[in-house]
Amino acid sequence: MVHVYNTLSGKKEPFEPLAAGKVGMYVCGVTVYDDCHLGHARCYIAFDVIRRYLEYRGMAVTYVQNFTDIDDKIIARAAERGVPAAELTRTYEAKYFEVFDRLNVRRADRYPRATEEIGGMIGMIGRLMDKGHAYEADGDVYFSTKSFSGYGKLSKRSEDSLLAGARVEISDKKRDPLDFALWKKAKAGEPFWPSPWGDGRPGWHIECSVMSQKYVGVTLDVHGGGQDLIFPHHENEIAQSEADTGRPFVRYFLHNGFVTVDGEKMSKSMGNFRTLEELYRRCPPDALRFFILSTHYRSPLTFTAKKLEDATAGLSRLREGYRRLKELLAANPNPAGGPAEPIDPERARAEFEAAMDDDFNTAEAVGTIFRVLSEVNRLHERSGRDGLPDGTTLEGLRRLEAFLKQVTRDVLGIDPEPPAVPDDNADRVSGLLAERERARKEKRYKDADRLRMELLEMGYQIQDTPQGPRAIRK
RNA sequence: GGCGGCGUACCCAAGAGGCCCAAGGGAGCGGUCUGCAAAACCGCGACUCACCGGUUCAAAUCCGGUCGCCGCCUCCA
């Protein structure tokens, strides 16, 4: 049974979707006016793995993620660059896919754009006005937070405590400082759409209420995003949607923790963010993904170059272990013997599932994988000397291999054996390798060492194993 | 000021009442292998979970307090 930490209750709860076996999931997407950074990566990797694990558990998941392609920042950035807003947003949408494909984040079933759902938003705003939850003021439309009794239930704030913050935008158009904009009157030179309240554009929160309802359903099983969206974004979405439909908006609210850099939140306003493109120049995307999954998704994550290196080393250890398992299978044709299994694949699976069932604890899950690989390595070591232990069959190892491949590649999204990139140097490398072996046999160690250096400079590390030398591309 | 989170070995990070006298990764050290290395593999590693009290037969895990760090309350994943 999957358990998830629900921000609504502040507790872990058994995960039971509204319709058994079907999960409707909506995750707040990016505002497309700038490059994506590590914080985005953490969020979308977390929800990617959540989606993958629910599918692994046999559920059919509908996953929708929006693009916010109209807002103040977009307008400002477009003006700054002298390009139309729509051109700017399309550029960054394309870049979004570029960087997230490389992180092996599976694509959502749909990526609705705010600008293509204006009609639906006007519809919902109209319904909210009819029900007395919204009011028009000089071309703007605001949601009346006082009209919705559950306001504050997600972020656990009372009206008083909200007001005490006193950082709410001051506007004399609002009847109450906590009210938020559903529709904003157009200023000169801004993109606008016609509406019953005059030309304007939607507020930020309304798009998610409208698009999630349209593409996922009235009640979402899972709604996700970063912790910074809890207030006001998700709080406001609840108010809009529940005031509109009278039904629960979300069963399980899931929020990922922040990425900090040098002890501070990484964000656009801090100017300390690491774009993904930038990071890819320093480490492979799969190592970055592995790094992110090494911490539970709700915990804070501090970025340092050292941690990235540690993760890279950890990932290659994982792959080396998997390679050895394959080697074990290939090199040991089914020996005669009884049914004894050196490693129990079912136990490995049970441990992995227990970790993931517990609020998608990928850090623990990765630990279970390393534990079983450790056993694989020991077996590999032993079999190198004496062959597989008496009474061993390969059936269990085959199942273990299938299990490892499934959970690392399909659930965690990390291929245990990444497809070999074509290597133009292959012939030359094996030539040099053979030459070095000859030199070693003839005890011309100076020559052998020179060849080793030569290969290293080409980017290949030699591993001398009992089975002969191998060249590993760095 | 209000709300929330975090503090576990040299670094990172799971664990949330007894399975823990605490997973896993990185680094380090010891060993195997090697012509020597490197790599790889194996082994070792916290009498203890920021600190102080308390509850309990039993606490890293619950409660109270203290200290330190961070986030949200304003656009933000």
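Chain letters run A, B, ... following the sequence lines, proteins first and then strands; every chain starts at 1.
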Original post:
So which nucleotide does C19(B) pair with, by the Watson-Crick or G-U wobble rule with both distances under 3.5 Å?
Top reply: none
**OP:** Can you tell me, in whole Å, how much space there is between the P of G68(B) and that of C19(B)?
**Re:** 34 Å
Subject >> Presence of donor-acceptor pair under 3.5 Å, side chain of Asp449(A) and base of A37(B) >> reply: no
Original post:
Which of these nucleotides, C36(B), A77(B), G26(B), is closest to any side-chain atom of Phe258(A)?
Top reply: A77(B)
Original post:
Using atom P of each nucleotide, how far apart are A39(B) and G7(B) to the nearest Å?
Top reply: 33 Å
Original post:
Considering all heavy atoms of both residues, which atom of Ala355(A) and which atom of Glu364(A) are nearest to each other, and what is their separation?
Top reply: CB-CG, 3.3 Å
Subject >> Counter-base of C33(B), judged by Watson-Crick or G-U geometry with both distances under 3.5 Å >> reply: none
Original post:
What integer number of Å spans the P atoms of A59(B) and U48(B)?
Top reply: 15 Å
**OP:** Without swapping roles, check the side chain of Asn6(A) against the backbone of Lys11(A) for a donor-acceptor pair under 3.5 Å.
**Re:** no
Original post:
G15(B), C75(B), C36(B): which one has an atom nearest the side-chain heavy atoms of Asp358(A)?
Top reply: G15(B)
Original post:
Is Gly224(A) touching bases, backbone alone, or none of the nucleic acid, heavy atoms closer than 4.0 Å?
Top reply: nothing
Original post:
So among Phe97(A), Tyr26(A), Phe100(A), which one has a ring-ring contact (aromatic ring centres under 6.0 Å, His included) with Tyr111(A)?
Top reply: Phe97(A)
**OP:** For G28(B) and A46(B), measure between their C1' atoms and round to the nearest Å.
**Re:** 15 Å
Original post:
Does the distance from a Lys or Arg side-chain N to an Asp or Glu carboxylate O, for Arg51(A) and Asp109(A), drop under 4.0 Å?
Top reply: yes
**OP:** Would you check if Tyr445(A) stacks with the base of G35(B), given a 5.5 Å centroid limit and a 30° plane limit, both strict?
**Re:** yes
Subject >> Integer angstrom distance from the C1' of G45(B) to that of G26(B) >> reply: 14 Å
Original post:
Atom CZ of Phe290(A) and atom P of C12(B): how far apart are they, to the nearest Å?
Top reply: 17 Å
**OP:** Pick base, sugar-phosphate or nothing for Arg470(A), based on heavy-atom distances below 4.0 Å to the nucleic acid.
**Re:** nothing
Original post:
So what does Lys443(A) hit on the nucleic acid, given a heavy-atom distance under 4.0 Å: a base, only sugar-phosphate, or nothing?
Top reply: nothing
**OP:** Establish whether the base of C75(B) is bridged to the side chain of Lys73(A) by a donor-acceptor pair shorter than 3.5 Å.
**Re:** yes
**OP:** May I have the distance from Asn361(A) (atom CG) to A16(B) (atom C1'), rounded to whole angstrom?
**Re:** 12 Å
**OP:** Answer with base, sugar-phosphate or nothing: what part of the nucleic acid does Ser374(A) contact at a heavy-atom distance below 4.0 Å?
**Re:** sugar-phosphate
Original post:
Can you check whether Leu254(A) reaches Val222(A) side chain to side chain, under 4.5 Å on heavy atoms?
Top reply: yes
Original post:
OH of Tyr5(A) versus P of C6(B): gap in Å, rounded?
Top reply: 8 Å
**OP:** With the side chain of Asp310(A) defined as its heavy atoms from C-beta on, choose the nearest nucleotide among C11(B), C41(B), C75(B).
**Re:** C11(B)
Subject >> Partner nucleotide of U66(B) by Watson-Crick or wobble geometry (both distances under 3.5 Å) >> reply: A50(B)
Original post:
Using the P atom in both, what is the distance from C6(B) to U61(B), to the nearest Å?
Top reply: 13 Å
Original post:
From the list A37(B), A77(B), G24(B), which nucleotide is the closest neighbour of the side chain of Arg371(A)?
Top reply: G24(B)
**OP:** Just compare C41(B), G35(B), A77(B) and give me whichever is closest to any side-chain atom of Arg317(A).
**Re:** C41(B)
**OP:** Taking atom C1' in both G24(B) and C33(B), compute the distance separating them and give it to the nearest angstrom.
**Re:** 26 Å
**OP:** Return the 5'-most residue of the pair Tyr297(A), Gly226(A) with respect to RNA chain B, ranking by each residue's nearest nucleotide.
**Re:** Tyr297(A)
**OP:** Find out whether Met458(A) and Val429(A) are in side-chain contact, i.e. whether some heavy atom of one side chain is under 4.5 Å from a heavy atom of the other.
**Re:** yes
Original post:
For RNA chain B, whose closest nucleotide is more 5', that of Gly314(A) or that of Ser299(A)?
Top reply: Ser299(A)
Original post:
G15(B) P sits how many Å from Asp359(A) CG, rounded?
Top reply: 9 Å
**OP:** Taking atom C1' in both C52(B) and C44(B), compute the distance separating them and give it to the nearest angstrom.
**Re:** 34 Å
Subject >> Listed nucleotide nearest any side-chain atom of Gln461(A), set A38(B), C6(B), C75(B) >> reply: A38(B)
Subject >> Watson-Crick or G-U wobble mate for G28(B), both contacts under 3.5 Å >> reply: C44(B)
Original post:
So, Lys306(A) and Glu309(A), do they make that salt bridge, N to O below 4.0 Å?
Top reply: no
Subject >> Presence of salt bridge, Asp415(A) and Arg409(A), under 4.0 angstrom >> reply: no
Original post:
Does Lys307(A) make a side-chain N or O approach to OP1 or OP2 of G25(B) shorter than 4.0 Å?
Top reply: no
**OP:** Indicate, with a heavy-atom threshold strictly under 4.0 Å, whether Thr368(A) touches base, sugar-phosphate, or nothing.
**Re:** nothing
**OP:** Would you indicate which nucleotide in A77(B), G26(B), C41(B) comes nearest to any side-chain atom of Asn377(A)?
**Re:** C41(B)
Subject >> Minimum heavy-atom distance Phe47(A)-Tyr63(A), with the two atoms named >> reply: CB-OH, 3.7 Å
Original post:
To the nearest Å, how far apart are Leu308(A) CG and C12(B) P?
Top reply: 15 Å
Original post:
Which part of the nucleic acid, if any, lies within contact of Glu364(A), taking any heavy atom under 4.0 Å across all strands shown: a base, the sugar-phosphate backbone alone, or nothing?
Top reply: base
Original post:
Counting any heavy atom closer than 4.0 Å, what does Ile462(A) reach on the DNA or RNA strands: base, sugar-phosphate only, or nothing?
Top reply: base
**OP:** Answer with base, sugar-phosphate or nothing: what part of the nucleic acid does Arg298(A) contact at a heavy-atom distance below 4.0 Å?
**Re:** nothing
Original post:
Separation of Tyr26(A) atom OH from A77(B) atom C1', in whole Å?
Top reply: 13 Å
**OP:** Give Asp464(A) one of three labels, base, sugar-phosphate or nothing, depending on what nucleic acid heavy atoms sit under 4.0 Å from its own.
**Re:** base
Subject >> Arg42(A) side chain to Phe258(A) backbone, donor-acceptor under 3.5 Å >> reply: yes
Original post:
What does Ala363(A) touch in the nucleic acid at a heavy-atom separation under 4.0 angstrom: a base, only the sugar-phosphate, or nothing?
Top reply: base
Subject >> Protein-nucleotide distance (His296(A), atom NE2; G7(B), atom P), rounded to Å >> reply: 13 Å
Subject >> For C3(B), the Watson-Crick or wobble partner whose two distances fall under 3.5 Å >> reply: G71(B)
Original post:
The side chain of Arg378(A) lies closest to which of these nucleotides: C72(B), C42(B), C75(B)?
Top reply: C42(B)
**OP:** Look at all strands and tell whether Asp72(A) reaches a base, only sugar-phosphate, or nothing, counting heavy atoms closer than 4.0 Å.
**Re:** nothing
Subject >> Thr295(A) side-chain proximity, nearest of A39(B), A13(B), U34(B) >> reply: A13(B)
Original post:
Is His233(A) touching bases, backbone alone, or none of the nucleic acid, heavy atoms closer than 4.0 Å?
Top reply: nothing
Subject >> Side chain of Arg440(A) (C-beta onward), nearest among C41(B), C70(B), U34(B) >> reply: U34(B)
